[in-house]
There are 2 protein chains.
Amino acid sequence: MTSTEPTQPESQPRPTRQRLAVAKALDSFEGFRSAQQIHALLTESGEQVGLATVYRSLQRMAEADEVDTLRTEEGEVTYRRCSDSHHHHLVCRSCGATVEIEGPTVERWTEKVSREHGFSDVSHTLEIFGTCATCAR
Amino acid sequence: MTSTEPTQPESQPRPTRQRLAVAKALDSFEGFRSAQQIHALLTESGEQVGLATVYRSLQRMAEADEVDTLRTEEGEVTYRRCSDSHHHHLVCRSCGATVEIEGPTVERWTEKVSREHGFSDVSHTLEIFGTCATCAR
DNA sequence: GTAAGTGCAAACGGTTTGCAGCCTC
DNA sequence: GAGGCTGCAAACCGTTTGCACTTAC
């Protein structure tokens, strides 16, 4: 398998009202939201979009690397627009408060370790869970 | 005064045939397996245990910190007995080959970062994905 | 004897899919 | 006008739960 093969012909999706609405919704918040939450946001703001369509749009965008996806502890897939820099999450087990973390340490380490094992084209996911200061006292 | 338990009394689970079978199954492999895989293992080896019972047993053991749990990309929860040392996985996207990785670097980094943000009692999950040497050529 | 544990099947919750009609190009 | 896109509802899949029965203590 050479690197001359991108992925698929993948034609541009059509800019329908629904698709634009989902894209706009993604711009309206930071961090990760589930498909259902995004669907709720749309409904609230008066945009009628079917849940299935929200899922399909998000999937498309994920495949096109336009959004990052993350699976929660509960099994829901969450999405965010991935223009911003790569980072990780520090999540409070008790109240759910989330801090975005970034640091070259882990990036370098994963890169080094993967290369040592002959892996290429690597990515990684890292989540840190704990009890935040507020919940601890 | 005998004792005032602040936490749950949490009685010991009864050592039933089914529970012992699940425990034994967990000892028969390394790494993570899903509840369904474990149920299949049991069935294969002639132990009849209901799927629901497998789930209930694993949940119990997870609560008692006897097993580690990990959610796969596909949304399945996987389990392993957690006697062995903490480590991470380097997984090939193409063929699924998995290398177990460990290193103090990340452990220390997550520890440090969490403390800086006032978090305590922290744990973390880290998965690295890439293309292995065999699949890359 | 009795309360915890089990099996079965139905319920659940998030996600995917088949299909008829709609809308871009 | 053709094929992608949408909405709806049904299907899916892993997991949980209600309930009557069994079993360890």
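On a predicted model such as this, the values are computed, not experimentally measured, just so you know. Chain identifiers are assigned alphabetically (A, B, ...) following the order of the sequence lines, protein sequences preceding nucleic acid strands; residue numbering begins at 1 within each chain.
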[X] has an atom [atom1]; how far is it from atom [atom2] of [N], in whole Å?
X       : N     : atom1 : atom2 : result
A:Gln18 : D:dC5 : CD    : C1'   : 8 Å
A:Glu47 : D:dG7 : CD    : P     : 10 Å
A:Leu20 : D:dC5 : CG    : P     : 12 Å
A:Met61 : D:dC5 : CE    : P     : 13 Å
A:His39 : D:dT6 : NE2   : C1'   : 12 Å

At under 4.0 Å between heavy atoms, which parts of nucleotides 8-18 of chain C does protein reach? Answer with one letter per nucleotide, 5' to 3': B base, S sugar-phosphate only, - none.
B-----SBBBB
Scoring nucleotides 20-25 of chain D by protein non-hydrogen atoms under 4.0 Å (B base, S sugar-phosphate only, - none) yields ---BBS
Heavy-atom check, side chain of B:Glu47 versus side chain of B:Thr43, under 4.5 Å
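No, too far: nothing below the 4.5 Å cut-off.
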May I ask you to check whether B:His89 and B:Phe32 place their ring centres under 6.0 Å from each other?
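Yes.
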For residues B:Gln59 and B:Tyr79, is any side-chain donor paired with an opposing acceptor at under 3.5 Å?
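B:Tyr79 and B:Gln59 do not have a side-chain donor-acceptor pair below 3.5 Å.
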Do A:Glu107 and A:His88 get their side chains close enough for a donor-acceptor pair, meaning under 3.5 Å?
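The criterion, which ignores hydrogens and geometry beyond distance, is satisfied for A:His88 and A:Glu107.
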What heavy-atom pair brings B:Ser28 and B:Leu41 nearest, and what distance separates the two atoms?
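Nearest heavy atoms, B:Ser28 then B:Leu41: OG-CD1, 4.3 Å.
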Quick one: does any side-chain atom of B:Ser34 pair with a main-chain N or O of B:Glu76 as donor and acceptor, under 3.5 Å?
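No, B:Ser34 side chain to B:Glu76 backbone: no donor-acceptor pair under 3.5 Å.
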Does any N or O in the side chain of A:Arg81 come within less than 3.5 Å of the main-chain N or O of A:Asp68, such that one atom is a donor and the other an acceptor?
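Not at all, since once roles are kept as given, no pair shorter than 3.5 Å links the two residues.
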Validate the cation-pi geometry between A:Arg115 and A:Phe119: distance from NZ or CZ to the six-membered ring centre under 6.0 Å, angle to the ring axis within 45°.
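Geometry flag: not set, cation outside 6.0 Å or 45°.
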